[in-house]
**Q** 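Okay, here's the structure, questions in a sec.
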Amino acid sequence: MYAFFQRHLNNPGSPQEQDLELLSNEEMQVTATGQVATAREGETVFSLNSRRADRQLRELNARRKDLKRHLAQVLCSARQLSGYREPQELQEPVFTGKIRREGFVIEKYFIRGEGGYPIPYLLFRPNKPTNKAVLYLHPDGKIGEAEEGDELRWLALNGYTVLIPDLVGIGEMGPGDLANYTTQVQRFESTSFDIWPLSVLLGRSIVGIRAGDVVRLSRLLERQPEIDQVYGVARDEMAPVLLHAAAFEPGIRLIRPIGSVQSMVPW
């Protein structure tokens with residue numbers, strides 16, 4: 001390698017490999033612990049976030065003392081902080097096929113989302129419907145149907161029409177947050193180095209964008225004449241998406257959600 005630089009950059013010295021004694025990790029450390037934060041009693045992201053969360057919690061509890069005024073501001077704050085946009089147009093879904101099961105049929109569709117991108121989804125149609133529908137959000141999207149198959153099957157067999165979508169960054173719309181990040185490094189499940197910076201560039205949260213698409217899908221179910229009630233079910237990290245959507249559309253149930261944003265801080 002060095003011979004190349006000698007030839008083209010006129011670097012001095014010999015191109016011959018030499019045996020060198022490498023420094024140990026301890027010798028390369030500038031601080032006693034190897035970390036500035038611990039050696040110099042500095043701050044960490046955790047300590048900064050924890051202190052800020054404590055301050056914001058005190059402010060929130062103070063605002064809750066005037067509950068009527070506080071609740072009136074919640075929806076406005078949810079829209080502004082999340083970047084949620086009310087769906088303006090509802091396109092006709094495109095049918096792509098069906099799978100027959102005992103007691104119900106699984107239909108495949110996609111519909112246009114906020115930015116013109118497709119939102120693929122599965123629709124479980126029971127043979128004996130009850131005029132009730134469930135919008136089911138899974139962090140793995142439609143592939144989560146395989147994991148939660150018994151639960152979705154139970155809903156369909158009990159007359160519920162079930163819609164399970166691939167929202168932005170999930171399943172066919174990802175695929176996943178880091179599904180292709182597998183070369184020479186350990187795969188990081190449910191971690192994204194792309195989605196969060198993208199939301200910063202857009203000036204809107206991914207939660208807000210997904211919530212808008214959830215409202216769009218909910219209205220798609222509501223306009224079907226055989227359905228008069230639409231419920232929402234969300235698993236794990238999809239709970240904030242459904243929670244924001246439910247602030248503007250009624251009907252919500254959360255499974256294994258975070259208790260509050262504050263519960264994320266100790267992570």
Side-chain angles (χ1 to χ4, degrees), residues 87 90-177 179 189-190 206-207 209-246 249 251-257:
L90 188 60
Q91 299 285 338
E92 287 294 326
V94 178
F95 175 74
T96 61
K98 68 171 60 177
I99 303 172
R100 294 193 178 276
R101 293 285 188 265
E102 184 178 354
F104 60 93
V105 175
I106 303 176
E107 297 178 348
K108 303 177 183 180
Y109 293 91
F110 69 84
I111 191 174
R112 182 175 295 180
E114 174 190 310
Y117 49 79
I119 306 174
Y121 64 89
L122 298 179
L123 191 66
F124 289 65
R125 288 192 183 275
N127 293 348
K128 298 179 180 179
T130 60
N131 299 326
K132 295 180 175 63
V134 174
L135 183 54
Y136 196 105
L137 304 185
H138 195 285
D140 293 329
K142 300 195 309 307
I143 198 173
E145 182 269 334
E147 178 181 340
E148 311 300 340
D150 290 341
E151 184 171 291
L152 300 183
R153 180 175 177 274
W154 183 91
L155 288 169
L157 291 178
N158 281 271
Y160 290 88
T161 299
V162 183
L163 189 155
I164 178 168
D166 280 344
L167 298 176
V168 172
I170 297 174
E172 289 186 86
M173 292 301 293
D177 289 340
E189 298 288 351
S190 301
I206 299 301
V207 167
I209 295 173
R210 287 174 173 171
D213 286 334
V214 168
V215 170
R216 179 176 282 101
L217 293 170
S218 176
R219 292 176 182 176
L220 178 66
L221 289 170
E222 288 173 350
R223 77 178 189 180
Q224 299 189 36
E226 69 275 16
I227 294 176
D228 55 26
Q229 292 180 317
V230 177
Y231 302 95
V233 175
R235 285 195 169 273
D236 304 314
E237 60 264 36
M238 298 309 295
V241 176
L242 183 56
L243 184 61
H244 278 74
E249 294 286 310
I252 183 171
R253 177 183 173 219
L254 305 181
I255 297 178
R256 294 201 305 266

**Q** As an exercise, state the distance from CG of Asp140 to CD1 of Ile164, rounded to the nearest 0.5 Å.
**A** 9.0 Å
**Q** Over all heavy atoms of both residues, which pair between Val207 and His244 is shortest? Give the atoms and the distance, please.
**A** CG1-ND1, 3.6 Å
**Q** With sequence neighbours excluded, what pairs up with Glu222 under the salt bridge (charged side-chain N to carboxylate O under 4.0 Å, His left out) test?
**A** none
**Q** Can you name the closest pair of heavy atoms from Ile170 and Pro139 and give their distance?
**A** CG2-O, 3.5 Å
**Q** Rounded to the nearest 0.5 Å, what separates atom CD in Glu172 from atom CD1 in Ile119?
**A** 12.5 Å
**Q** CD of Glu249 to CG of Leu242: how many Å apart, nearest 0.5 Å?
**A** 11.0 Å
**Q** Which atom names give the shortest non-hydrogen contact between Ala133 and Leu221, and what distance separates them?
**A** CB-CD1, 4.1 Å
**Q** Locate the shortest heavy-atom distance separating Thr130 from Tyr160; write the atom from each residue and the value.
**A** OG1-N, 4.2 Å
**Q** CG of Leu137 to CG of Leu243: how many Å apart, nearest 0.5 Å?
**A** 11.5 Å
**Q** Which residue pairs pass the salt bridge (Lys or Arg N to Asp or Glu O under 4.0 Å) test when at least one of the two sits in residues 108-124, sequence neighbours left out?
**A** Arg85-Glu114, Glu114-Arg204
**Q** Give, for atom CG of Leu220 and atom CZ of Arg216, the distance between the pair rounded to the nearest 0.5 Å.
**A** 10.0 Å
**Q** Please list, chain by chain and in numerical order, all residues satisfying salt bridge (charged side-chain N to carboxylate O under 4.0 Å, His left out) with Glu102, sequence neighbours excluded.
**A** none
**Q** Could you measure the distance from the CD1 atom of Ile209 to the CG atom of Leu167? Nearest 0.5 Å is fine.
**A** 11.5 Å
**Q** Does anything in residues 130-139 pair up under salt bridge (Lys or Arg N to Asp or Glu O under 4.0 Å), and if so which pairs, sequence neighbours excluded?
**A** none
**Q** Only counting residues at least two apart or in another chain, list the ones meeting side-chain contact (heavy atoms from CB on, under 4.5 Å) with Pro126.
**A** Pro129, Thr161
**Q** Does any non-hydrogen side-chain atom of Val134 lie less than 4.5 Å from one of Phe124?
**A** no
**Q** Tabulate below the donor-acceptor pairs under 3.5 Å that side-chain atoms of residues 225-233 make, not counting sequence neighbours, or state none.
**A**
residue: Glu226; atom: OE2; partner: Arg125; partner atom: NH1; Å: 3.2
residue: Gln229; atom: OE1; partner: Tyr231; partner atom: OH; Å: 3.2

**Q** Among residues at least two apart in sequence or on other chains, which ones pass ring pair (Phe, Tyr, Trp, His ring centres under 6.0 Å) with Tyr109?
**A** Phe95, Tyr121
**Q** Which heavy atom of Arg223 sits nearest to which heavy atom of Glu92, and what is that distance?
**A** NH2-OE2, 2.9 Å
**Q** For Arg100, enumerate each residue passing the side-chain contact (heavy atoms from CB on, under 4.5 Å) test, keeping only those at least two apart in sequence or located in another chain.
**A** Lys98, Val105
**Q** Identify, with sequence neighbours excluded, every residue that meets salt bridge (charged side-chain N to carboxylate O under 4.0 Å, His left out) alongside Arg101.
**A** none
**Q** State whether Arg210 and Asp213 are salt-bridged, where the test is any N-O pair (Lys NZ or Arg NE/NH1/NH2 against Asp/Glu carboxylate O) under 4.0 Å.
**A** no
**Q** Could you tell me which non-hydrogen atom of Trp154 sits nearest to which non-hydrogen atom of Asn158, and how far apart they are?
**A** O-ND2, 2.7 Å
**Q** Mind checking side chain to side chain donor-acceptor pair (under 3.5 Å) for Asp166 and listing every partner two or more places apart, or none if nothing turns up?
**A** Lys142
